[in-house]
Amino acid sequence: WHVRDLVKNAPQGWFFRINDTDDFYRMAYIHSGLALWRRELIDNVVGACDRVSAPAAFLDQTYHAWNCNASIVENMTMLEGSHQLQEELSYIRPDLMLAGECLTEISFQREAFAQAHPMGWGNMQAVHIEAAHPICSYLWKGHTRLVGYIELEPWNERIETSIGIHRKMGVLPTFVARERSAADPALVDPAQNPAMKHILDWAGEEPSF
């Protein structure tokens with residue numbers, strides 16, 4: 001049930017480094033048609049939310065709905081399984097607000113918020129502002145709102161470009177606060193940080209959230 005590439009049959013997933021060491025977390029993509037996997041994920045999400053009385057849950061990687069080598073699992077494609085996962089979670093916890101990564105014609109049905117995936121991700125340039133488009137916001141703004149998350153830290157050298165791209169996409173005004181922001185309040189002080197002023201002005205132009 002490990003998702004594999006359709007052409008090379010290579011197992012799909014991703015990894016990230018821990019604390020700049022040589023240790024890595026490695027994650028595998030599991031076919032969402034597998035009921036056992038959906039039950040396991042839902043149990044863990046609901047359990048975590050119950051422990052901290054969280055009103056919302058963010059499901060990462062919700063845009064991964066591609067075809068794969070084992071395209072049918074328990075009579076479902078991965079796309080159908082992803083849809084079923086959100087339907088089941090919403091049925092079990094109808095009071096829980098769901099958010100996800102990226103926005104598609106499937107994921108929007110149960111997501112209140114979704115991370116925007118801007119063009120130029122990882123290397124945003126001015127040309128990407130013109131290339132950006134608000135199609136997802138246009139189609140589903142009344143149901144699901146996009147939020148930003150790429151290069152929107154107050155100290156990021158490309159933050160103004162990132163703001164321009166996200167605004168073009170119809171994203172809710174967003175900035176990303178990490179440890180560095182907390183350690184240096186000047187980074188989020190509009191009087192000292194033009195990017196923060198830009199974001200607050202952007203928020204003031206929003207007619208309604």
Side-chain angles (χ1 to χ4, degrees), residues 5 7 12-20 24-25 27 29 56 58-67 79 82 97-109 111-209:
D5 177 77
V7 177
Q12 299 297 294
W14 67 289
F15 64 89
F16 63 92
R17 191 183 299 273
I18 307 171
N19 298 326
D20 296 323
F24 293 89
Y25 275 126
M27 299 187 181
Y29 293 143
F58 177 83
L59 303 178
D60 202 30
Q61 310 283 304
T62 53
Y63 64 96
H64 283 315
W66 58 68
N67 198 356
L79 185 65
S82 297
M97 181 182 295
L98 292 182
E101 184 176 5
C102 204
L103 191 58
T104 70
E105 67 275 20
I106 298 300
S107 64
F108 94 92
Q109 296 179 42
E111 291 178 2
F113 299 97
Q115 286 179 331
H117 271 211
M119 297 186 70
W121 182 5
N123 186 26
M124 293 184 177
Q125 302 174 36
V127 66
H128 294 122
I129 299 177
E130 291 301 316
H133 59 80
I135 183 64
C136 288
S137 292
Y138 172 77
L139 290 173
W140 301 306
K141 184 174 181 178
H143 194 286
T144 307
R145 291 304 307 266
L146 286 169
V147 295
Y149 76 120
I150 296 296
E151 297 184 356
L152 286 170
E153 302 90 350
W155 62 87
N156 194 296
E157 63 182 9
R158 290 191 288 266
I159 187 171
E160 289 293 345
T161 301
S162 182
I163 290 172
I165 294 170
H166 282 92
R167 292 191 68 166
K168 187 82 175 291
M169 295 175 68
V171 171
L172 282 170
T174 309
F175 82 93
V176 177
R178 303 178 192 263
E179 293 84 354
R180 186 172 172 184
S181 296
D184 187 355
L187 288 171
V188 293
D189 182 355
Q192 302 181 56
N193 189 315
M196 282 305 303
K197 183 178 186 306
H198 191 167
I199 291 173
L200 291 175
D201 290 343
W202 172 20
E205 297 168 12
E206 262 296 316
S208 172
F209 291 170

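The first residue of the sequence shown is numbered 1, and numbering continues consecutively from there.
Expressed to the nearest 0.5 Å, how far OH of Y29 lies from CE of M27 amounts to 9.5 Å. A distance of 9.0 Å separates SG in C136 from CD in E105, rounded to the nearest 0.5 Å. We find the NZ-CE distance between K168 and M119 to be 10.0 Å, quoted to the nearest 0.5 Å. From L103, atom CG reaches atom NE2 of H143 across 10.0 Å, with rounding to the nearest 0.5 Å. The line from NE2 of H133 to CE of M169 is 7.0 Å long, rounded to the nearest 0.5 Å. Of the inter-residue distances, the one linking L98 atom CG with F113 atom CZ reads 11.5 Å to the nearest 0.5 angstrom.
Defined by atom type and a distance below 3.5 Å, a donor-acceptor pair is missing between the side-chain atoms of T161 and Q125. A donor-acceptor pair shorter than 3.5 Å can be found between the side chains of Y149 and H117.
Considering all non-hydrogen atoms of both residues, G170 and R145 come closest at O-NH2, 3.7 Å. Across all their heavy atoms, S137 and L146 have their closest contact at OG-CD1, 3.6 Å. Of all heavy-atom pairs spanning A116 and V171, the tightest one is CB-CG2, 3.6 Å. Here the closest non-hydrogen pair linking A114 and C102 is CB-O, 3.2 Å.
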*Run the side chain to side chain contact (heavy atoms under 4.5 Å, CB included) check on E151 and E160 step by step: do they pass?*
CA-CA 9 Å; E151 297 184 356; E160 289 293 345; over 6 Å; no
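Contact of the M124 side chain with the I165 side chain is registered, since non-hydrogen atoms from C-beta on lie closer than 4.5 Å. At least one side-chain heavy atom of T104 sits under 4.5 Å from a side-chain heavy atom of S107.
The aromatic rings of W140 and F108 lie parallel to each other, with less than 30° between the two planes, well short of the 60° mark.
At least one donor-acceptor pair closer than 3.5 Å links the side chain of T174 to the backbone N or O of L172. A donor-acceptor pair under 3.5 Å is absent between the side-chain atoms of Q115 and the main chain of E101, judged by distance alone. Counting only distance, with no hydrogens or angles, the side chain of T144 and the backbone of E111 share a donor-acceptor pair below 3.5 Å. No donor-acceptor pair under 3.5 Å is formed between the side chain of K197 and the backbone N or O of A191. Here the side chain of H166 pairs a donor or acceptor atom with the backbone of S162 at under 3.5 angstrom. Between the N193 side chain and the A186 main chain, no donor and acceptor come within less than 3.5 Å of each other.
Just one of L200, I199, D201 meets the side-chain contact (heavy atoms from CB on, under 4.5 Å) condition when paired with P190; it is L200.
Looking at E153 and R158, no side-chain N of the basic residue comes within less than 4.0 Å of a carboxylate O on the acidic one, giving no salt bridge.
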